[in-house]
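Source: prediction; values computed, not measured.
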Amino acid sequence: HKLEACDSSISIEQALSAILVFVLGRMKATVGKILLWLNVAIFLEKFECKSSPKVIPITAKPKTLLAFEEGIFVGKNGISRKNINLKQIAMSTSTSVYDQNQFIPKSNELGFIVLANYFNNQYVGTISIGNPPQDLSVVLDTGSSDIWIPGWGCTLCGNHVSYDASKSSTYIPIKSGENLEMFEIDYGSGAVKGTKAIETIRLGGIELNDVSIGEVLYEDKEIRNFMMDGIAGLAFSGLSMITRPTILDRLQQSNPDLPAQFSVYLSTDPKDYENPSHLMFGGSNLNIVGENATWHYTPVLRQSYGDLRYWTVKVTKVQILRSSGSEDEVLMSLCEGGCLGIIDTGTSGIAVPENYYAEFVSTVTEGLNCRGTQCIGTSVSDFPDMIFSMYPDNVFPLRSEDYVICSSWGQCLLKIQPGFGDSYWIFGDTFLQAYYTLFDIENLRIGFACSGTCEGGSWHGTGGLLEFDKAYTWKMWIMWFLIVLAIISTCYLLGSMIQPIKDQIKRKRSSDENLPYDSNPFANYYGSVEANQRR
């Protein structure tokens, strides 16, 4: 029926599936029927009309389909994120789409850190600690302010690279009396515990001395599975529990001639070696966006007395729009009186405050076959656009291709996650992929780059989708599965053919001896004994 409706041809995989359906259908055993229906399901899932978009999301496996619904926690002491279980990614996908062993772009520019792109869902950079330097991978996180890495004595840190303090001439332990000073940081996905120390760190060739770091000796199970080794916080001192002065403070103190700013470019193309994802201290490169690109600034807000904490901005309006001809229909409008937003490189999606979340998702998915942020039988174009307005007069659209990822068989996921609390919108990597971002420390403002009118992430790619024809690993796994299934089917058929052959041989022997054939092997055995005795 699907062939007739689509007037389409069958691929090699589908042809093999059809053959296996026929073979398995001849099995009478229960296992054969189970394999049959499993293969039928795979055949129907794999079949697609020529008119359907041949794309699969790179981010299909970085989190399970429920992972975005785990959300983040906004509490009294700050934001805790339920981070990505990237071990599951490695298990469910044959290789990272950004193979560090295959190609690592380099830059001789001071302060330039290339970010490894894992499934357009987490971006990890390399920093050096100690003297001689030891390289470790970290998330450069604008939503926290501490730096910690696994210590050499950590037996509960998964497969993370460890920092060996005994090999560093600049290591100084921090003590409280006679004992090492301890710390514990609790994230949404678990806690890390360890001791404090003072060390030298290097960020893209910039050396910072006497930095307080955390040497982790224990990680909760979830954190052990993370792709990165540690975290380097790039928020303000109001969040710091270990690193005081913060990395940002040390940068200004040690390098007064370096502009007090850094930029973050998150590419949606992991193989873009000309302009790879990166973080650059002390500068930016607007040419990435376009010749006429400019920064659209919004000020950083001080939420209370004391030290600054987050990179917080004022959101003046949030709208959900659906284009209908020459006019846009406003489906939902929020934050008319103003809301707070946090620009956070350590969050993967867009986190919506708890009091808005259910209605927000319901409006985005209205009329579609969706359950929460998961949808079936849909495509990217079925979803509306989002408009985020920020003080004073900035308007930043997110097109559906910026926040929706879909498989070739019509299974879609919204890169939206709930925030537990009513205070903050969190603009994570989904937003930063669409807008090249400048964090201006000196002037306490954040700039988002646009070439002319801001139009979302259409200027640099497809919003996180990978053409299916290029997804060789997916096809390889499908082919291997079909081959294994064919082998199992063949063995079963051969086994079912052996018994009739045996029975035929026994009948022939019986007839030769002029004895009645009995399918009972014991009866035939005793019959043969009696015949021998008579002889």
Side-chain angles (χ1 to χ4, degrees), residues 59 61-92 96 116 118-119 121-125 127 129 136-163 180-197 212-235 239-243 309-310 342 344-349 351 354 415 417-421 424 426 428-429:
T59 49
K61 300 297 181 183
K63 299 181 176 180
T64 63
L65 291 176
L66 294 175
F68 276 103
E69 296 182 357
E70 292 181 356
I72 62 174
F73 178 77
V74 182
K76 295 180 180 178
N77 298 322
I79 297 177
S80 298
R81 288 177 299 281
K82 289 184 179 294
N83 287 291
I84 312 162
N85 187 342
L86 284 163
K87 184 177 182 181
Q88 292 180 355
I89 306 174
M91 292 171 62
S92 56
S96 166
Y118 293 103
F119 309 96
N121 201 69
Q122 188 174 47
Y123 296 82
V124 177
I127 66 172
I129 298 180
L136 294 100
S137 64
V138 296
V139 170
L140 294 150
D141 180 19
T142 59
S144 65
S145 300
D146 293 307
I147 176 171
W148 58 262
I149 38 82
W152 186 254
C154 184
T155 58
L156 294 172
C157 289
N159 294 322
H160 294 161
V161 176
S162 298
Y163 154 75
L180 295 175
E181 189 169 335
M182 305 293 294
F183 75 90
E184 177 178 351
I185 302 177
D186 190 14
Y187 295 91
S189 48
V192 294
K193 304 175 185 179
T195 61
K196 298 180 181 179
S212 297
I213 68 170
E215 187 180 357
V216 171
L217 301 177
Y218 170 83
E219 297 175 356
D220 276 347
K221 184 177 180 180
E222 193 79 10
I223 296 179
R224 295 174 210 164
N225 294 330
F226 287 176
M227 198 73 81
M228 83 291 180
D229 301 318
I231 289 178
L234 297 176
L239 289 177
S240 177
M241 298 177 63
I242 303 171
T243 310
R309 301 170 71 196
Y310 301 107
I342 294 174
D344 184 8
T345 58
T347 294
S348 295
E354 184 180 29
K415 298 168 72 173
Q417 52 192 93
F420 295 90
Y424 301 106
I426 313 298
D429 293 347

side-chain contact (heavy atoms from CB on, under 4.5 Å) against [X], all qualifying residues, sequence neighbours excluded:
X	value
Ser212	Ile174, Ile198
Ser162	Pro150, Trp152
Ala197	Tyr171, Ile213

How close do [X] and [Y] get, counting heavy atoms only, and between which atoms?
X	Y	answer
Phe226	His160	O-NE2, 2.8 Å
Ser145	Thr243	O-CB, 3.7 Å
Val161	Leu136	O-CD2, 3.3 Å
Ala191	Glu184	CB-OE2, 4.0 Å

What I want to check is whether the side chains of Ser348 and Asp429 have a donor and an acceptor closer together than 3.5 Å. no

Just by distance, with hydrogens left out, do Asn121 and Tyr123 show a side-chain donor and acceptor under 3.5 Å apart? no

Would Ile231 and Val192 count as a side-chain contact (heavy atoms from CB on, under 4.5 Å) here? Give the steps. CA-CA 11 Å; Ile231 289 178; Val192 294; over 6 Å; no

Among residues at least two apart in sequence or on other chains, which ones pass salt bridge (Lys or Arg N to Asp or Glu O under 4.0 Å) with Lys196? Glu181

Go through the steps for Leu156 and Glu219 under the test side-chain contact (heavy atoms from CB on, under 4.5 Å), then give the verdict. CA-CA 6 Å; Leu156 294 172; Glu219 297 175 356; 5.9 Å; no

Residue set satisfying side chain to side chain donor-acceptor pair (under 3.5 Å) with Asp146, at least two apart, ordered chain then number -> Ser240

Determine yes or no for a side-chain-to-main-chain donor-acceptor pair under 3.5 angstrom, with Thr142 supplying the side chain and Leu234 the backbone. no

